[in-house]
Amino acid sequence: NVWAPSAATPSSRLPVLFFVHGGGNVSGSPSEERGGTFLYDGALLAAQTNSVVVTINYRLGPLGWLAHAAFAQESAQHATGNYGTLDQLAALGFVQRNIAAFGGDPARVLLFGESAGAVNVCALLASPLGAGLFSSALMESGGCTAVTSTTAQSFADGFAQKVGCTSGDAAACLRGLDANTLELAFPETANVAGAGQGDFQPNVDGWVLTDVPMTVVAQGKHNHVPFIVGANANETGQAIVTQFPNGMTPAQYQAALLGYTGGNQTLAASAMAEYPPADYGNDPRAAFIALTSDSKFICT
């Protein structure tokens, strides 16, 4: 989707705002609607900033991120998964080739995203395939995270087993399934307050990603562009208030910490010591919001 100010012409050379939506890589779209309002309608942003605004779709869930070894065997790059990332790269390539016709400047493209969109922004920052496709980047409320190829392929093996694609040509078997079957095999929802990042994420395939993004950045091997990192206060607040609308008791807080740490009592006790309800007006729910916001968004 492309929006431009009404006065834009092919000679305007306006800055371009390229947005990647969130949703845990399993949900969301640029046409997402809440109460009759489209969240990512770029018309107002284009008018207010005198910029060309681009929003994109990309493949989600298993269609975007299933890293089965059978797909690697038929790939010229011996890579698998990261199809959602490749969609984003294709859209950035479209912008480079065509955005001038909408009044945009291909040399001034800000790549920005929120939540899973921010995770994808950092993957693009770290990807050698992203070189020259954007001139700056902004990551809002996400982390520079990715899973290893081994982890991604292990999950894909379990996925294939669940849908009955374990013998013969697994790639053909998986492609032969309808989308509904694929989506419901391991249904996931975006949970900003849940532990972990979910199973459908960028993976280190050796082509799109040569290593986890944090390592690539630390080694200085990323795409060197101006880069802004931000996060919202109380990021997980809405999700936790929805889960505990009447507040949390101390016992519920302890149980939530134990669940959040995967049953690790030592880690849960350490987390309790770092985030005691006494520091949050004796409100365990407020302490849990602070802890989960820090661990999932601020620290990452």
Side-chain angles (χ1 to χ4, degrees), residues 19-28 32-40 60 112-123 137-147 151 186-202 212-214 217-218 227-300:
F19 180 69
V20 184
H21 71 78
N25 283 334
V26 296
S27 64
E32 194 163 344
E33 188 178 1
R34 289 287 190 279
T37 299
F38 288 98
L39 300 184
Y40 309 128
L60 301 171
F112 72 117
E114 181 265 343
S115 194
V119 172
N120 295 326
V121 164
C122 196
L138 186 153
M139 186 176 75
E140 174 68 21
S141 298
C144 287
T145 58
V147 297
T151 297
F186 277 89
E188 285 192 8
T189 58
N191 182 3
V192 296
Q197 296 290 328
D199 296 306
F200 299 112
Q201 300 295 329
V212 293
M214 278 295 289
V217 172
F227 187 39
I228 296 174
V229 179
N232 298 315
N234 300 321
E235 178 75 51
T236 63
Q238 182 176 352
I240 291 174
V241 168
T242 300
Q243 188 177 358
F244 297 95
N246 299 315
M248 295 178 80
T249 66
Q252 286 175 322
Y253 182 40
Q254 289 182 330
L257 284 179
L258 193 60
Y260 195 72
T261 57
N264 186 324
Q265 294 193 6
T266 301
L267 184 56
S270 178
M272 174 71 80
E274 291 290 338
Y275 295 85
D279 286 357
Y280 300 90
N282 291 315
D283 183 352
R285 187 175 68 181
F288 193 52
I289 289 171
L291 181 151
T292 51
S293 294
D294 282 355
S295 66
K296 286 208 70 173
F297 295 95
I298 307 301
C299 295
T300 56

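All values derive from a computational prediction rather than experimental measurement. This chain uses plain numbering: 1 for the first residue, then up along the sequence.
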Nearest 0.5 angstrom please: [X] [atom1] to [Y] [atom2], how far?
X      : Y      : atom1 : atom2 : result
Met248 : Arg285 : CE    : CZ    : 9.0 Å
Thr249 : Gln254 : OG1   : CD    : 8.5 Å
Thr145 : Gln201 : OG1   : CD    : 5.5 Å
Ile298 : Leu291 : CD1   : CG    : 12.0 Å
Gln238 : Ile289 : CD    : CD1   : 10.5 Å
Thr236 : Asp294 : OG1   : CG    : 9.0 Å

Next on the checklist: Within the 4.5 Å heavy-atom criterion, are Asn232 and Glu140 side-chain neighbours or not?
Outcome noted: yes

Item to check | Any Pro284 side-chain heavy atom under 4.5 Å of Phe244 side chain | outcome: no

Item to check | Parallel, tilted or perpendicular: ring planes of Tyr40 versus His21, cut at 30 and 60 degrees | outcome: parallel

Minimum-distance pair of heavy atoms, taken over all atoms of [X] and [Y]:
X      : Y      : result
Phe19  : Gly113 : CE1-CA, 4.0 Å
Pro202 : Val119 : CD-CG1, 4.4 Å
Ala137 : Val121 : CB-CG1, 4.1 Å
Ala116 : Gly23  : CB-N, 4.0 Å
Pro276 : Ala273 : CD-O, 3.4 Å
Cys122 : Gly143 : CB-O, 4.3 Å

Checklist entry - Can any side-chain N or O of Ser270 pair as donor or acceptor with the backbone N or O of Thr266 at less than 3.5 Å? => result no

Checklist entry - Within the distance-only criterion (no hydrogens, no angle test), does the side chain of Asp279 pair as donor or acceptor with the backbone N or O of Tyr275 below 3.5 angstrom? => result no

Is the number of heavy atoms from other residues, nucleotides or ligands within 6.0 Å of [atom1] ([X]) greater than 12?
X      : atom1 : value
Ile228 : CD1   : no
Met214 : CE    : no
Glu33  : CD    : yes

Checklist entry - Do Ser27 and Glu32 pass the side-chain contact (heavy atoms from CB on, under 4.5 Å) test, and can you show the C-alpha distance, the side-chain angles, and the key distance before you say yes or no? => result CA-CA 10 Å; Ser27 64; Glu32 194 163 344; over 6 Å; no

Item to check | Candidate pair Leu257 and Phe288, rule side-chain contact (heavy atoms from CB on, under 4.5 Å), full reasoning | outcome: CA-CA 8 Å; Leu257 284 179; Phe288 193 52; 4.2 Å; yes

Checklist entry - Given Val217 and Phe227, is the side-chain contact (heavy atoms from CB on, under 4.5 Å) satisfied, shown in steps? => result CA-CA 11 Å; Val217 172; Phe227 187 39; 5.9 Å; no

Checklist entry - Judged by modelled atom types alone, do Ser141 and Ser115 share a side-chain donor-acceptor pair under 3.5 Å? => result no

